[in-house]
There are 2 protein chains.
Amino acid sequence: MLNIHEKIPLATTSAACCDELPALRLASDEAQQLAQMFKALGQPVRLQIVDILSRFGGKVCVCDIESQFDLTQPTISHHLKALREAGLVDYEMRGLWAYYFVRPAQLQQLRMLVGEWIGGQPT
Amino acid sequence: MLNIHEKIPLATTSAACCDELPALRLASDEAQQLAQMFKALGQPVRLQIVDILSRFGGKVCVCDIESQFDLTQPTISHHLKALREAGLVDYEMRGLWAYYFVRPAQLQQLRMLVGEWIGGQPT
DNA sequence: ACTCTATATAGATAAATGTCAATATAGCAA
DNA sequence: TTGCTATATTGACATTTATCTATATAGAGT
(Lines give C-alpha, C1' and ligand atoms only; values in the text may rest on other atoms or scores of the structure.)
Protein backbone atom coordinates (compact mmCIF):
# COMPACT_ATOMS: atom_id res chain seq x y z
CA MET A 1 0.00 0.00 0.00
CA LEU A 2 2.30 2.69 -1.24
CA ASN A 3 1.39 6.35 -0.93
CA ILE A 4 3.80 9.26 -0.78
CA HIS A 5 1.29 11.40 1.07
CA GLU A 6 0.53 8.91 3.76
CA LYS A 7 0.68 10.48 7.20
CA ILE A 8 1.29 13.91 5.78
CA PRO A 9 -1.34 16.50 6.68
CA LEU A 10 -3.70 16.92 3.77
CA ALA A 11 -3.02 20.63 3.66
CA THR A 12 0.58 20.07 2.65
CA THR A 13 0.82 19.95 -1.08
CA SER A 14 4.21 18.94 -2.39
CA ALA A 15 5.58 16.35 -0.04
CA ALA A 16 9.07 14.94 -0.01
CA CYS A 17 8.84 12.23 -2.50
CA CYS A 18 8.87 8.57 -3.09
CA ASP A 19 12.12 6.86 -2.29
CA GLU A 20 10.03 3.80 -1.62
CA LEU A 21 8.94 3.43 -5.20
CA PRO A 22 11.97 2.48 -7.24
CA ALA A 23 12.63 4.55 -10.32
CA LEU A 24 11.56 3.12 -13.62
CA ARG A 25 13.38 -0.11 -14.25
CA LEU A 26 12.57 -0.04 -17.91
CA ALA A 27 14.74 2.63 -19.42
CA SER A 28 12.77 4.74 -21.81
CA ASP A 29 14.37 3.31 -24.93
CA GLU A 30 14.05 -0.24 -23.66
CA ALA A 31 10.39 0.45 -22.92
CA GLN A 32 10.08 1.83 -26.42
CA GLN A 33 11.38 -1.30 -28.05
CA LEU A 34 9.36 -3.67 -25.90
CA ALA A 35 6.28 -1.53 -26.33
CA GLN A 36 6.67 -1.74 -30.08
CA MET A 37 6.54 -5.52 -29.89
CA PHE A 38 3.47 -5.45 -27.66
CA LYS A 39 1.86 -2.91 -29.91
CA ALA A 40 2.46 -5.09 -32.95
CA LEU A 41 0.67 -7.91 -31.16
CA GLY A 42 -2.06 -5.52 -30.04
CA GLN A 43 -3.96 -5.81 -33.28
CA PRO A 44 -6.14 -8.89 -33.78
CA VAL A 45 -5.02 -9.60 -37.33
CA ARG A 46 -1.35 -9.34 -36.46
CA LEU A 47 -1.86 -11.41 -33.34
CA GLN A 48 -3.43 -14.11 -35.46
CA ILE A 49 -0.64 -13.94 -38.02
CA VAL A 50 1.95 -14.50 -35.30
CA ASP A 51 -0.18 -17.27 -33.88
CA ILE A 52 -0.31 -18.97 -37.29
CA LEU A 53 3.43 -18.64 -37.87
CA SER A 54 4.30 -19.78 -34.36
CA ARG A 55 2.07 -22.81 -34.35
CA PHE A 56 3.08 -23.87 -37.81
CA GLY A 57 6.63 -23.56 -36.57
CA GLY A 58 8.19 -22.94 -39.93
CA LYS A 59 8.24 -20.68 -42.94
CA VAL A 60 4.86 -19.82 -44.39
CA CYS A 61 4.12 -18.31 -47.75
CA VAL A 62 2.36 -14.95 -47.69
CA CYS A 63 -0.30 -16.41 -49.96
CA ASP A 64 -1.22 -18.87 -47.24
CA ILE A 65 -1.47 -16.12 -44.69
CA GLU A 66 -3.66 -14.03 -46.93
CA SER A 67 -6.05 -16.90 -47.47
CA GLN A 68 -6.87 -16.93 -43.75
CA PHE A 69 -8.26 -13.43 -43.70
CA ASP A 70 -10.95 -11.49 -45.41
CA LEU A 71 -8.68 -8.57 -46.11
CA THR A 72 -6.99 -7.22 -49.21
CA GLN A 73 -3.44 -8.15 -50.09
CA PRO A 74 -2.02 -4.68 -49.36
CA THR A 75 -3.57 -4.76 -45.90
CA ILE A 76 -1.88 -8.05 -45.05
CA SER A 77 1.36 -6.73 -46.48
CA HIS A 78 1.03 -3.69 -44.25
CA HIS A 79 0.57 -5.82 -41.15
CA LEU A 80 3.52 -8.02 -42.08
CA LYS A 81 5.62 -4.92 -42.37
CA ALA A 82 4.59 -3.79 -38.89
CA LEU A 83 5.55 -7.20 -37.50
CA ARG A 84 8.90 -7.03 -39.27
CA GLU A 85 9.59 -3.56 -37.95
CA ALA A 86 8.80 -4.72 -34.45
CA GLY A 87 11.36 -7.46 -34.96
CA LEU A 88 8.86 -10.23 -34.32
CA VAL A 89 9.06 -11.85 -37.73
CA ASP A 90 11.44 -12.03 -40.63
CA TYR A 91 11.12 -13.40 -44.14
CA GLU A 92 12.95 -14.87 -47.04
CA MET A 93 12.22 -14.58 -50.74
CA ARG A 94 12.12 -17.64 -52.98
CA GLY A 95 11.37 -16.67 -56.49
CA LEU A 96 8.06 -14.89 -56.43
CA TRP A 97 7.11 -16.10 -53.01
CA ALA A 98 7.91 -14.60 -49.65
CA TYR A 99 8.10 -16.96 -46.69
CA TYR A 100 7.57 -15.46 -43.28
CA PHE A 101 8.61 -16.90 -39.94
CA VAL A 102 8.72 -15.77 -36.32
CA ARG A 103 11.89 -14.80 -34.51
CA PRO A 104 11.69 -16.84 -31.32
CA ALA A 105 14.36 -14.82 -29.51
CA GLN A 106 12.16 -11.75 -29.66
CA LEU A 107 9.14 -13.61 -28.37
CA GLN A 108 11.38 -14.94 -25.63
CA GLN A 109 12.11 -11.37 -24.57
CA LEU A 110 8.42 -10.74 -24.09
CA ARG A 111 7.90 -13.93 -22.17
CA MET A 112 10.81 -13.12 -19.90
CA LEU A 113 9.48 -9.69 -19.08
CA VAL A 114 6.00 -10.94 -18.29
CA GLY A 115 7.59 -13.80 -16.40
CA GLU A 116 9.50 -11.39 -14.20
CA TRP A 117 6.32 -9.50 -13.53
CA ILE A 118 4.40 -12.47 -12.27
CA GLY A 119 7.44 -14.31 -11.02
CA GLY A 120 6.89 -13.69 -7.35
CA GLN A 121 3.13 -13.92 -7.29
CA PRO A 122 0.97 -16.95 -7.11
CA THR A 123 -1.13 -17.57 -10.19
CA MET B 1 7.96 -24.20 -46.04
CA LEU B 2 4.26 -23.94 -46.56
CA ASN B 3 2.84 -22.73 -49.87
CA ILE B 4 -0.58 -23.59 -51.27
CA HIS B 5 0.61 -22.97 -54.80
CA GLU B 6 3.61 -25.19 -54.64
CA LYS B 7 3.81 -27.52 -57.63
CA ILE B 8 0.78 -25.98 -59.22
CA PRO B 9 1.41 -24.45 -62.64
CA LEU B 10 1.79 -20.73 -62.27
CA ALA B 11 -0.93 -20.09 -64.80
CA THR B 12 -3.54 -21.60 -62.52
CA THR B 13 -5.00 -18.93 -60.37
CA SER B 14 -7.31 -20.20 -57.65
CA ALA B 15 -5.87 -23.43 -56.42
CA ALA B 16 -7.52 -25.88 -54.09
CA CYS B 17 -6.63 -24.47 -50.77
CA CYS B 18 -4.63 -24.99 -47.68
CA ASP B 19 -5.65 -27.97 -45.59
CA GLU B 20 -2.07 -28.01 -44.40
CA LEU B 21 -2.34 -24.73 -42.60
CA PRO B 22 -4.68 -25.22 -39.68
CA ALA B 23 -7.48 -22.78 -39.34
CA LEU B 24 -7.03 -19.95 -36.91
CA ARG B 25 -6.57 -21.33 -33.43
CA LEU B 26 -7.37 -18.04 -31.85
CA ALA B 27 -11.06 -17.49 -32.31
CA SER B 28 -11.78 -13.97 -33.37
CA ASP B 29 -13.21 -12.90 -30.03
CA GLU B 30 -10.40 -14.56 -28.12
CA ALA B 31 -7.92 -12.79 -30.33
CA GLN B 32 -9.81 -9.59 -29.63
CA GLN B 33 -9.45 -9.91 -25.91
CA LEU B 34 -5.81 -10.93 -25.99
CA ALA B 35 -5.04 -8.23 -28.50
CA GLN B 36 -6.57 -5.68 -26.18
CA MET B 37 -4.13 -6.69 -23.47
CA PHE B 38 -1.18 -6.56 -25.82
CA LYS B 39 -2.35 -3.25 -27.14
CA ALA B 40 -2.59 -1.84 -23.64
CA LEU B 41 1.03 -2.83 -23.09
CA GLY B 42 1.98 -1.44 -26.47
CA GLN B 43 2.31 2.08 -25.21
CA PRO B 44 5.53 2.98 -23.38
CA VAL B 45 3.84 4.84 -20.55
CA ARG B 46 1.39 2.02 -19.87
CA LEU B 47 4.13 -0.55 -20.16
CA GLN B 48 6.07 1.33 -17.53
CA ILE B 49 3.04 1.64 -15.28
CA VAL B 50 2.51 -2.11 -15.37
CA ASP B 51 6.21 -2.61 -14.78
CA ILE B 52 6.04 -0.38 -11.71
CA LEU B 53 2.98 -2.09 -10.31
CA SER B 54 4.31 -5.57 -11.01
CA ARG B 55 7.70 -5.00 -9.50
CA PHE B 56 6.33 -3.26 -6.46
CA GLY B 57 4.09 -6.23 -6.08
CA GLY B 58 1.35 -4.47 -4.18
CA LYS B 59 -1.13 -1.65 -4.28
CA VAL B 60 0.23 1.69 -5.37
CA CYS B 61 -1.38 5.09 -5.00
CA VAL B 62 -2.08 6.94 -8.24
CA CYS B 63 -0.16 9.88 -6.85
CA ASP B 64 2.97 7.74 -6.76
CA ILE B 65 2.46 6.63 -10.32
CA GLU B 66 1.96 10.19 -11.51
CA SER B 67 5.18 11.30 -9.87
CA GLN B 68 7.16 8.97 -12.12
CA PHE B 69 6.10 10.65 -15.33
CA ASP B 70 6.25 14.04 -16.87
CA LEU B 71 2.63 13.95 -17.91
CA THR B 72 -0.51 15.63 -16.67
CA GLN B 73 -2.84 13.94 -14.20
CA PRO B 74 -5.64 13.40 -16.74
CA THR B 75 -3.24 11.70 -19.11
CA ILE B 76 -2.15 9.22 -16.44
CA SER B 77 -5.78 8.71 -15.53
CA HIS B 78 -6.54 7.96 -19.16
CA HIS B 79 -3.80 5.34 -19.35
CA LEU B 80 -4.95 3.73 -16.11
CA LYS B 81 -8.41 3.47 -17.58
CA ALA B 82 -7.05 1.74 -20.67
CA LEU B 83 -5.22 -0.75 -18.48
CA ARG B 84 -8.37 -1.36 -16.45
CA GLU B 85 -10.45 -1.91 -19.57
CA ALA B 86 -7.90 -4.39 -20.84
CA GLY B 87 -8.30 -6.21 -17.54
CA LEU B 88 -4.63 -5.91 -16.68
CA VAL B 89 -5.06 -3.85 -13.53
CA ASP B 90 -7.70 -3.12 -10.98
CA TYR B 91 -7.97 -0.63 -8.17
CA GLU B 92 -9.46 0.12 -4.84
CA MET B 93 -10.48 3.43 -3.34
CA ARG B 94 -9.41 4.40 0.16
CA GLY B 95 -10.75 7.77 1.03
CA LEU B 96 -9.43 10.16 -1.55
CA TRP B 97 -6.78 7.84 -2.80
CA ALA B 98 -6.97 5.20 -5.46
CA TYR B 99 -4.64 2.23 -5.17
CA TYR B 100 -3.88 0.34 -8.34
CA PHE B 101 -2.55 -3.18 -8.66
CA VAL B 102 -1.95 -5.71 -11.40
CA ARG B 103 -4.12 -8.76 -11.99
CA PRO B 104 -1.61 -11.57 -12.20
CA ALA B 105 -4.06 -14.03 -13.74
CA GLN B 106 -4.38 -11.82 -16.79
CA LEU B 107 -0.64 -11.47 -17.16
CA GLN B 108 -0.44 -15.21 -16.81
CA GLN B 109 -2.71 -15.55 -19.82
CA LEU B 110 -0.28 -13.56 -21.91
CA ARG B 111 2.71 -15.51 -20.69
CA MET B 112 0.97 -18.76 -21.46
CA LEU B 113 0.16 -17.74 -25.00
CA VAL B 114 3.69 -16.58 -25.74
CA GLY B 115 4.97 -19.67 -23.99
CA GLU B 116 2.94 -21.88 -26.31
CA TRP B 117 4.31 -20.02 -29.27
CA ILE B 118 7.94 -20.58 -28.38
CA GLY B 119 7.33 -23.80 -26.56
CA GLY B 120 8.63 -26.15 -29.22
CA GLN B 121 11.45 -24.04 -30.51
CA PRO B 122 14.96 -23.64 -29.15
CA THR B 123 15.73 -20.18 -27.84
C1' DA C 1 -21.27 24.66 5.08
C1' DC C 2 -17.21 25.67 3.06
C1' DT C 3 -12.62 24.57 1.32
C1' DC C 4 -9.08 21.72 -0.19
C1' DT C 5 -7.41 17.52 -2.32
C1' DA C 6 -7.24 13.25 -5.37
C1' DT C 7 -9.04 11.30 -9.16
C1' DA C 8 -12.14 11.01 -13.12
C1' DT C 9 -14.55 12.83 -17.13
C1' DA C 10 -15.40 15.87 -21.12
C1' DG C 11 -13.96 18.27 -25.03
C1' DA C 12 -10.50 19.71 -28.31
C1' DT C 13 -6.71 18.74 -31.39
C1' DA C 14 -2.76 16.88 -33.70
C1' DA C 15 -0.79 12.53 -34.83
C1' DA C 16 -1.02 7.66 -35.76
C1' DT C 17 -3.53 3.63 -37.58
C1' DG C 18 -6.25 0.30 -40.51
C1' DT C 19 -8.17 -0.22 -44.65
C1' DC C 20 -8.81 0.01 -49.63
C1' DA C 21 -7.89 1.00 -54.73
C1' DA C 22 -4.28 1.92 -57.73
C1' DT C 23 0.33 1.32 -59.06
C1' DA C 24 5.16 -0.34 -58.89
C1' DT C 25 8.56 -4.04 -58.73
C1' DA C 26 10.56 -8.04 -59.92
C1' DG C 27 10.69 -12.99 -60.89
C1' DC C 28 8.84 -16.64 -64.03
C1' DA C 29 6.95 -18.58 -68.41
C1' DA C 30 5.75 -18.61 -73.09
C1' DT D 1 10.10 -9.55 -75.36
C1' DT D 2 5.74 -9.78 -73.76
C1' DG D 3 2.62 -11.03 -70.43
C1' DC D 4 1.38 -13.08 -65.97
C1' DT D 5 1.94 -13.57 -60.91
C1' DA D 6 3.29 -12.51 -55.92
C1' DT D 7 4.37 -9.04 -53.05
C1' DA D 8 5.36 -4.25 -51.82
C1' DT D 9 4.50 0.69 -51.99
C1' DT D 10 1.73 4.87 -52.47
C1' DG D 11 -1.97 7.80 -51.58
C1' DA D 12 -6.49 8.65 -49.77
C1' DC D 13 -9.74 8.51 -46.05
C1' DA D 14 -12.22 7.48 -41.84
C1' DT D 15 -11.22 6.04 -37.18
C1' DT D 16 -8.59 5.82 -33.08
C1' DT D 17 -5.18 7.56 -29.95
C1' DA D 18 -2.28 10.52 -26.79
C1' DT D 19 -2.18 14.61 -24.96
C1' DC D 20 -3.70 18.91 -23.05
C1' DT D 21 -7.02 22.34 -20.56
C1' DA D 22 -11.09 22.83 -18.17
C1' DT D 23 -14.50 20.91 -15.28
C1' DA D 24 -16.92 17.47 -12.38
C1' DT D 25 -17.10 14.35 -8.41
C1' DA D 26 -16.56 13.02 -4.03
C1' DG D 27 -14.07 12.31 0.37
C1' DA D 28 -11.60 14.91 4.41
C1' DG D 29 -10.55 18.65 7.38
C1' DT D 30 -11.92 22.93 9.45
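What you see is a predicted model, and the numbers here were worked out from it, not measured in a lab. Chain identifiers are assigned alphabetically (A, B, ...) following the order of the sequence lines, protein sequences preceding nucleic acid strands; residue numbering begins at 1 within each chain.
Taking atom CD on B:Glu92 and atom C1' on D:dG27, their separation rounds to 16 Å, with Å as the unit. The nearest whole Å value for the distance from the CG atom in B:Leu80 to the P atom in C:dT9 is 11 Å. The distance between atom CE of A:Met93 and atom P of C:dT25, rounded to the nearest whole Å, is 15 Å. Across the protein-nucleic acid pair, B:Leu96 atom CG and C:dA8 atom C1' stand 13 Å apart, rounded to whole Å. Atom CG of B:Leu83 is separated from atom C1' of C:dA8 by 15 Å (rounded to the nearest Å). Atom pair B:Phe69:CZ and C:dT7:C1' shows a separation of 17 Å (rounding to whole Å applied). Between A:Trp97 atom CH2 and D:dC4 atom C1' there is a gap of 13 Å when expressed in whole angstrom units. The separation between A:Tyr91 atom OH and D:dA6 atom P is 17 Å, rounded to whole Å.
Checking C:dT5, D:dC20, C:dA26 against the side-chain heavy atoms of B:Thr75 singles out D:dC20 as nearest. Out of C:dT7, C:dT9, D:dA8, the shortest distance to the side chain of A:Pro74 is found at D:dA8. When distances run from any side-chain atom of B:Arg46 to the nucleotides C:dT7, D:dA18, D:dA6, the shortest one goes to D:dA18. Checking D:dA18, C:dT7, C:dT17 against every side-chain atom of B:His78, the shortest atom distance belongs to D:dA18.
Side-chain contact between B:Asp90 and B:Phe101 is present, with heavy atoms from C-beta onward closer than 4.5 Å. With contacts defined as side-chain heavy-atom distances shorter than 4.5 Å, the pair B:Val114/B:Phe38 qualifies. A 4.5 Å side-chain heavy-atom check between A:Leu88 and A:Leu107 finds at least one atom pair inside the cut-off. Residues A:Leu110 and B:Trp117 form no side-chain contact, since every pair of their non-hydrogen atoms from C-beta on lies 4.5 Å or further apart. At a threshold of 4.5 Å between non-hydrogen side-chain atoms, the residues B:Ile76 and B:Gln73 do not count as touching.
Contact check, A:Lys39 against C:dT17: a side-chain N or O comes under 4.0 Å of OP1 or OP2. In terms of phosphate contacts, B:Tyr99 brings no side-chain nitrogen or oxygen within less than 4.0 Å of OP1 or OP2 of C:dA6. Here A:Tyr100 reaches the OP1 or OP2 of D:dA8: one of its side-chain N or O atoms lies under 4.0 Å away. At D:dA6, none of the side-chain N or O atoms of A:Arg94 fall inside 4.0 Å of OP1 or OP2 (strictly under the cut-off). Side-chain nitrogen and oxygen atoms of A:His79 include at least one within less than 4.0 Å of the OP1 or OP2 phosphate oxygen of C:dT19. The phosphate of C:dC20 (OP1 or OP2) has a side-chain N or O of A:Thr72 nearer than 4.0 angstrom.
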| said: Using side-chain contact (heavy atoms from CB on, under 4.5 Å), reason through B:Leu83 and B:Leu53 one step at a time and then give a plain yes or no. | reply: CA-CA 12 Å; B:Leu83 289 170; B:Leu53 296 180; 5.7 Å; no
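Counting any heavy atom pair closer than 4.0 Å across all strands shown, A:Gln43 reaches sugar-phosphate atoms only and no base atom.
No N or O donor and acceptor, one from the side chain of A:Gln73 and one from the base of D:dA6, sit under 3.5 Å apart.
Judged by closest nucleotide on DNA chain C, B:Lys81 is the one of A:Gly95 and B:Lys81 placed further toward the 5' end.
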